[in-house]
2 protein chains.
Amino acid sequence: MTNPNDLESFQFKKNDTVSLRQFVYQEIREAIIKGHLEPGARLREVEISKQMNVSRGPIREAIRILEQEGLVISHPYRETVVVDLSEEEVIHLLVPTRRHFELFAAQKAVSVLTADDFAFLDNIILNMQEASDQDDLDRLSNLDLKFHERIVEQCVSPAMFRIWNSISGKLHARFLIQGYSHSSLQTVVEEHREMLQLIRSGDKERIEQHLQTHIK
Amino acid sequence: MTNPNDLESFQFKKNDTVSLRQFVYQEIREAIIKGHLEPGARLREVEISKQMNVSRGPIREAIRILEQEGLVISHPYRETVVVDLSEEEVIHLLVPTRRHFELFAAQKAVSVLTADDFAFLDNIILNMQEASDQDDLDRLSNLDLKFHERIVEQCVSPAMFRIWNSISGKLHARFLIQGYSHSSLQTVVEEHREMLQLIRSGDKERIEQHLQTHIK
DNA sequence: CCAAAATAGATTGTTGACAATCTACAAATG
DNA sequence: CATTTGTAGATTGTCAACAATCTATTTTGG
């Protein structure tokens, strides 16, 4: 039944890099978020162009997205550099706003998430536990992001998802550089486990409470 | 002393349209916000290109900004259309988030705004009163936007200002289409007058109260 | 007649060449 | 010597041609 030469039993990996612009955008974004490009670093179009073997058109479009996203700032005819965010804005604007979006999404999630979504989220929790056991901060941080990303993307319009994504991207960049000052990794895992349980149970009141109490 | 041929007594108007991309972006954005392009309307690159007499490069870059801003959505190789936002997201995400940003900005404003800023804001209030007296909704709406824009832009980083701007743009588009359901125009003017007075007085507590009570 | 395959037209994606602007430094001017 | 003016090189902005992809229509094969 499962013939290796039979396409019914085999699937090629989907190429989700639909365009060069998308590819360039993701590459630069990841470099910034993972800290390979630090705040103040300059982005030269021709330099990137040569490194990626792509013309400047798609690169310029990617830069426009990154600029509107707020990861980069362009000075006309001069240069574009990676931004630096103030501690105050991160704490008083970005963090509460992200919370607000995730609360809204979690409450919608009660009636929106499918069995597939829950399976995906359960799997993330499993991986988080592993990462926590191995003290793997980087992996845990990535799983954290993926967890909320799935929920928000399913429960909110593309325009709203873009806002959440731009905010969480900037926060993620921050945390990776600062090195996660959480009380304990195990706590992070537990919190996500509880949240998922609350969504399953459908108790919107307690979802709000849960997110309110964890605004440290 | 004031010789008309002497540059010391004369200043040329500053050209702030730095690039075609910027021009195209502003034009399309205004068309969407003012309702000349309704939700679902399609944007064709060549069509815009001919109308504006600009090549497709700058137009594509402008579209990338509008897309990340959430005013437009692109389907690869297919089309890009003006977005339509859900009532629920506008009320539960956009409005409170904008309030949050404006509260943060207003509190910073106490120690940031200059005499120039206050003069500018005073003048806006004067114009608002005029607009209110003449029942000019459109003008009042524009002044409202400019009022908060000035405060937020002065008190927040460029990256944060972009987020606020994308949110207020979407809300502005909404209100222009729906036609402002405020209790009365005069109330709007009064609220802004009070807010400016509170910033001048430097009472951050009451600024928070003021914005909290006006979250209708 | 229906379904799969081929085709044509429209639209978006990509490219390389050329233009405009900036910075830094050199030359001229007083 | 200080200030202005004029280069040269680097970098970003713009353009027009070409390539890839999508949609709708037509053709083909059964």
Side-chain angles (χ1 to χ4, degrees), chain A residues 7-8 12-29 31-32 37 40-83 158 162, chain B residues 5-8 11-29 31-32 37 40-83 158:
Chain A
L7 270 178
E8 287 179 32
F12 285 108
K13 187 168 67 178
K14 185 172 148 196
N15 175 15
D16 53 348
T17 312
V18 283
S19 61
L20 287 181
R21 157 182 94 238
Q22 192 71 9
F23 170 75
V24 173
Y25 164 69
Q26 287 170 352
E27 289 292 306
I28 299 180
R29 187 175 199 268
I32 295 173
L37 288 174
R42 187 170 175 186
L43 298 182
R44 260 174 273 252
E45 294 174 8
V46 284
E47 192 180 328
I48 301 171
S49 174
K50 280 173 189 161
Q51 285 183 19
M52 294 192 181
N53 197 31
V54 164
S55 78
R56 283 174 53 226
I59 289 169
R60 288 177 59 79
E61 291 187 34
I63 289 178
R64 294 290 83 77
I65 301 173
L66 290 162
E67 185 180 17
Q68 176 60 30
E69 187 175 352
L71 285 174
V72 129
I73 188 162
S74 265
H75 302 96
Y77 281 112
R78 228 166 283 188
E79 56 175 11
T80 106
V81 297
V82 178
V83 300
R162 275 215 161 68
Chain B
N5 295 325
D6 187 348
L7 271 178
E8 287 178 34
Q11 278 210 349
F12 284 108
K13 186 169 66 179
K14 187 173 151 196
N15 174 14
D16 54 348
T17 311
V18 283
S19 61
L20 288 180
R21 157 181 94 238
Q22 192 71 10
F23 170 74
V24 173
Y25 164 70
Q26 287 170 352
E27 289 292 306
I28 299 179
R29 186 174 199 269
I32 294 174
L37 289 173
R42 188 170 175 186
L43 298 182
R44 259 175 274 253
E45 294 173 7
V46 284
E47 193 181 327
I48 300 171
S49 174
K50 281 173 189 161
Q51 284 185 20
M52 294 192 180
N53 198 29
V54 164
S55 79
R56 283 175 53 225
I59 289 168
R60 288 178 59 79
E61 292 186 35
I63 288 178
R64 295 289 82 77
I65 302 173
L66 291 162
E67 185 180 16
Q68 176 61 29
E69 187 175 352
L71 284 175
V72 130
I73 188 162
S74 265
H75 302 96
Y77 280 113
R78 227 167 282 187
E79 55 174 13
T80 105
V81 296
V82 178
V83 301

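All figures in this text were calculated on a predicted structure; none of them were measured in a lab.
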d([atom1], [X]; [atom2], [N]) in whole Å:
{"X": "A/R78", "N": "C/dA24", "atom1": "CZ", "atom2": "P", "value": "10 Å"}
{"X": "A/R21", "N": "C/dT15", "atom1": "CZ", "atom2": "P", "value": "13 Å"}
{"X": "B/E61", "N": "D/dG13", "atom1": "CD", "atom2": "P", "value": "7 Å"}
{"X": "B/Q22", "N": "C/dA20", "atom1": "CD", "atom2": "C1'", "value": "17 Å"}
{"X": "B/E67", "N": "C/dG13", "atom1": "CD", "atom2": "C1'", "value": "14 Å"}
{"X": "A/H75", "N": "D/dG13", "atom1": "NE2", "atom2": "C1'", "value": "17 Å"}
{"X": "A/K50", "N": "C/dG16", "atom1": "NZ", "atom2": "P", "value": "13 Å"}
{"X": "A/I48", "N": "D/dT11", "atom1": "CD1", "atom2": "P", "value": "12 Å"}

Task: Residue whose nearest DNA chain C nucleotide is more 5′ - A/P76 or A/N53 - done: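 Per heavy-atom nearest nucleotide, the more 5' residue is A/N53.
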Measure from the side-chain heavy atoms of [X] and tell me the nearest of [options].
{"X": "B/V54", "options": "C/dT14, D/dG13, D/dC15", "result": "D/dC15"}
{"X": "B/E45", "options": "C/dG13, D/dT14, C/dT14", "result": "C/dG13"}
{"X": "A/V46", "options": "C/dT12, D/dT12, C/dC22", "result": "D/dT12"}
{"X": "B/Y77", "options": "C/dG13, C/dT21, D/dT14", "result": "C/dG13"}
{"X": "B/R42", "options": "C/dT14, C/dT11, D/dG13", "result": "C/dT11"}

Open item on the list: Tell me whether the side-chain N/O atoms of B/R44 come closer than 4.0 Å to OP1 or OP2 in C/dA10.
Closed with: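 For B/R44, the contact criterion (side-chain N or O under 4.0 Å from OP1 or OP2 of C/dA10) is not met.
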Open item on the list: Between B/R60 and C/dG13, is there a contact of a side-chain N or O with OP1 or OP2 at under 4.0 Å?
Closed with: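 For C/dG13, OP1 or OP2 has a side-chain N or O of B/R60 closer than 4.0 Å.
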So what does [X] hit on the nucleic acid, given a heavy-atom distance under 4.0 Å: a base, only sugar-phosphate, or nothing?
{"X": "A/I63", "answer": "nothing"}
{"X": "A/R56", "answer": "base"}
{"X": "B/G57", "answer": "nothing"}
{"X": "A/I59", "answer": "nothing"}

Quick one: pull up [atom1] in [X] and [atom2] in [Y] and give me the separation to the nearest 0.5 Å.
{"X": "B/I48", "Y": "B/I28", "atom1": "CD1", "atom2": "CD1", "value": "4.0 Å"}
{"X": "A/R60", "Y": "A/I65", "atom1": "CZ", "atom2": "CD1", "value": "13.0 Å"}
{"X": "B/E67", "Y": "B/I73", "atom1": "CD", "atom2": "CD1", "value": "7.0 Å"}

Task: Residues A/R64 and A/S74: side-chain donor-acceptor under 3.5 angstrom - done: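 Result is yes, a qualifying pair exists.
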Output side-chain donor-acceptor pairs under 3.5 Å for residues 50-59 of chain A, partner residues at least two apart or in another chain, one line each.
unit_1: A/R56; atom_1: NE; unit_2: A/E45; atom_2: OE1; d: 3.0
unit_1: A/R56; atom_1: NH2; unit_2: A/E45; atom_2: OE1; d: 2.9

